[in-house]
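Everything on this sheet refers to the single structure shown next.
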Amino acid sequence: MRTYNFFVVEVEKTLQDTMTTEGGLELYIDTRFNEFEHRTQSGTVVAVPFKFDTGVKVGDELYFHHRVILQEGQALTGYDNHYLVSYHEKDTVEPQAIAYNCKDTGEVHPLSSWHLIEQIQEDRDEQSDSLEVVHLKSKPVTRGRICFENKFTDELGLKIGDVVGFKKNHDYDVLVDGKPYGRVATQSLMYVEEVHND
């Protein structure tokens with residue numbers, strides 16, 4: 001199969017609706033009220049876009065935007081459990097391919113101008129000996145630590161471990177090898193914190 005600017009992935013099931021206990025018991029999760037949180041975010045690559053040299057090979061694991069599979073997503077007509085994942089080399093407005101895990105090396109590589117970050121929660125200094133401070137709404141995350149290199153990290157002078165700031169609500173979690181990372185587009189980055197070694 002040849003595609004122009006789409007990956008094709010095979011996804012066993014669109015929602016992660018089961019969990020296994022430490023004792024090996026498999027339990028069903030009712031996802032009707034929180035489908036977004038249980039969406040599948042990855043699949044096995046069965047075709048790569050011939051227009052771009054992505055480095056991705058058939059058999060690699062591709063991580064993608066939730067729109068690929070939610071609300072019937074972009075199912076590939078005539079193929080069961082196959083979905084189209086859009087890609088563009090520089091743009092992150094339309095592309096849904098975020099990163100891939102190479103089956104040969106086990107290395108994770110962000111795609112396009114996506115950055116995978118470890119989110120940094122802002123500390124709240126509100127303390128009291130007589131009152132319990134309760135927050136009903138968490139503060140949006142606007143800082144994170146770069147976890148993987150992509151082709152834009154060098155251009156931006158970034159390296160793994162750098163702390164970057166980004167626009168409010170311009171990231172969301174994507175599960176990569178079972179670990180949540182924030183995904184942020186290059187155009188949403190606002191600054192990198194300077195570290196001075198005195």
Side-chain angles (χ1 to χ4, degrees), residues 1-20 22 24 26 29 31 36-70 72-92 94-119 144-155 158-162 171-186:
M1 179 183 308
R2 285 172 51 86
T3 57
Y4 184 64
N5 61 344
F6 287 94
F7 289 98
V8 178
V9 294
E10 185 173 12
V11 176
E12 188 176 315
K13 57 184 183 176
T14 59
L15 292 173
Q16 300 302 313
D17 58 359
T18 59
M19 64 177 283
T20 305
E22 288 182 14
E26 187 173 48
I29 302 169
T31 61
F36 181 80
E37 197 171 291
H38 296 283
R39 70 209 182 279
T40 295
Q41 298 173 290
S42 66
T44 304
V45 175
V46 295
V48 297
F50 70 81
K51 179 182 176 183
F52 303 105
D53 181 15
T54 61
V56 182
K57 297 183 293 301
V58 170
D60 289 346
E61 187 80 2
L62 187 73
Y63 303 98
F64 49 74
H65 194 280
H66 65 272
R67 287 183 306 212
V68 169
I69 51 98
L70 287 186
E72 300 189 23
Q74 299 179 142
L76 184 61
T77 306
Y79 291 84
D80 289 340
N81 305 324
H82 285 62
Y83 292 84
L84 295 169
V85 183
S86 63
Y87 177 79
H88 191 277
E89 204 166 52
K90 297 177 182 167
D91 184 24
T92 55
E94 287 301 317
Q96 299 164 326
I98 296 168
Y100 73 97
N101 188 327
C102 177
K103 68 175 180 176
D104 297 329
T105 65
E107 294 176 357
V108 174
H109 301 277
L111 291 166
S112 292
S113 62
W114 291 116
H115 299 275
L116 294 178
I117 59 153
E118 181 181 76
Q119 298 169 338
R145 187 168 282 106
I146 299 286
C147 294
F148 303 96
E149 292 179 351
N150 71 10
K151 62 183 174 183
F152 290 96
T153 49
D154 277 348
E155 281 181 31
L158 297 174
K159 59 187 179 304
I160 293 173
D162 283 350
D171 77 317
Y172 82 84
D173 281 356
V174 61
L175 241 78
V176 176
D177 281 348
K179 181 177 177 182
Y181 292 94
R183 68 100 179 103
V184 179
T186 294

Practice prompt. May I ask you to test the Pro49-Phe6 pair for a side-chain heavy-atom distance under 4.5 Å?
Written response: no

Worksheet item: With a 4.5 Å limit on heavy-atom distance, are the side chains of Thr44 and Glu12 in contact?
Response: no

Worksheet, complete the sentence: Shortest non-hydrogen pair, Val85 vs Ala97, comes out as CG1-N, 3.5 Å

Worksheet entry | Check: Val176 main-chain N/O paired with Asn101 side-chain donor or acceptor under 3.5 Å | no

Practice prompt. Could you list the residues that satisfy side chain to side chain donor-acceptor pair (under 3.5 Å) with Asp60, not counting sequence neighbours?
Written response: none

Worksheet item: With Asn5, which residues qualify under side chain to side chain contact (heavy atoms under 4.5 Å, CB included), at least two apart?
Response: Phe52

Practice prompt. Write down the atom of Val108, the atom of Ala99, and the distance for their closest heavy-atom approach.
Written response: CG1-CB, 4.4 Å

Item to complete: Let me see the working for Leu84 and Val8 under side-chain contact (heavy atoms from CB on, under 4.5 Å), right down to the final yes or no.
Response: CA-CA 5 Å; Leu84 295 169; Val8 178; 3.8 Å; yes

Discussion item. Quick one, Tyr63 and Asp177 - any side-chain contact, counting heavy atoms below 4.5 Å?
Written reply: yes

Worksheet item: Can you name the residues that form a side chain to side chain donor-acceptor pair (under 3.5 Å) with Glu118, not counting sequence neighbours?
Response: Arg145

Worksheet item: Do Leu62 and Leu111 touch side chain to side chain, with heavy atoms closer than 4.5 Å?
Response: yes

Discussion item. Distance check, rounded to the nearest 0.5 Å: Ile146 atom CD1 versus Ile160 atom CD1?
Written reply: 9.0 Å

Fill in: OH/Tyr4: more than 12 non-hydrogen atoms of other groups inside 6.0 Å
no

Worksheet item: Can you find a pair of side-chain heavy atoms, one from Glu155 and one from Thr186, that are under 4.5 Å apart?
Response: no

Worksheet entry | Atom of Ile98, atom of Trp114 and distance for their closest heavy-atom approach | CA-CD1, 3.5 Å

Fill in: Any residue meeting ring pair (Phe, Tyr, Trp, His ring centres under 6.0 Å) with Tyr100, in chain and number order, not counting sequence neighbours
His109

Worksheet item: When you check the side-chain N and O atoms of Asp173 and Gln119, is any donor under 3.5 Å from an acceptor?
Response: yes

Worksheet item: In Å and rounded to the nearest 0.5 Å, what is the OH to CD distance from Tyr83 to Gln96?
Response: 12.5 Å

Fill in: Inter-residue atom distance Thr3.OG1 - Lys51.NZ, 0.5 Å rounding
11.5 Å

Worksheet item: Taking atom NE2 of His115 and atom CZ of Phe148, what is their separation to the nearest 0.5 Å?
Response: 13.5 Å

Worksheet entry | Listed partners of Thr20 passing side chain to side chain contact (heavy atoms under 4.5 Å, CB included), at least two apart | Glu26

Discussion item. Among residues at least two apart in sequence or on other chains, which ones pass ring pair (Phe, Tyr, Trp, His ring centres under 6.0 Å) with Phe7?
Written reply: Tyr87

Fill in: Counterpart residues, salt bridge (Lys or Arg N to Asp or Glu O under 4.0 Å), relative to Asp104 (two or more places apart)
Lys57

Sequence neighbours left out, cut at 3.5 Å: what donor-acceptor pairs do the side chains of residues 178-185 make with other protein atoms?
none

Worksheet item: Which atoms form the tightest heavy-atom contact between Pro110 and Glu149, and what is the distance?
Response: CD-O, 3.2 Å

Worksheet item: Sequence neighbours excluded, which residues qualify as salt bridge (Lys or Arg N to Asp or Glu O under 4.0 Å) partners of Lys159?
Response: Asp162

Item to complete: Report the residues that fulfil side chain to side chain donor-acceptor pair (under 3.5 Å) with Glu61, sequence neighbours left out, ordered by chain and then residue number.
Response: Ser42

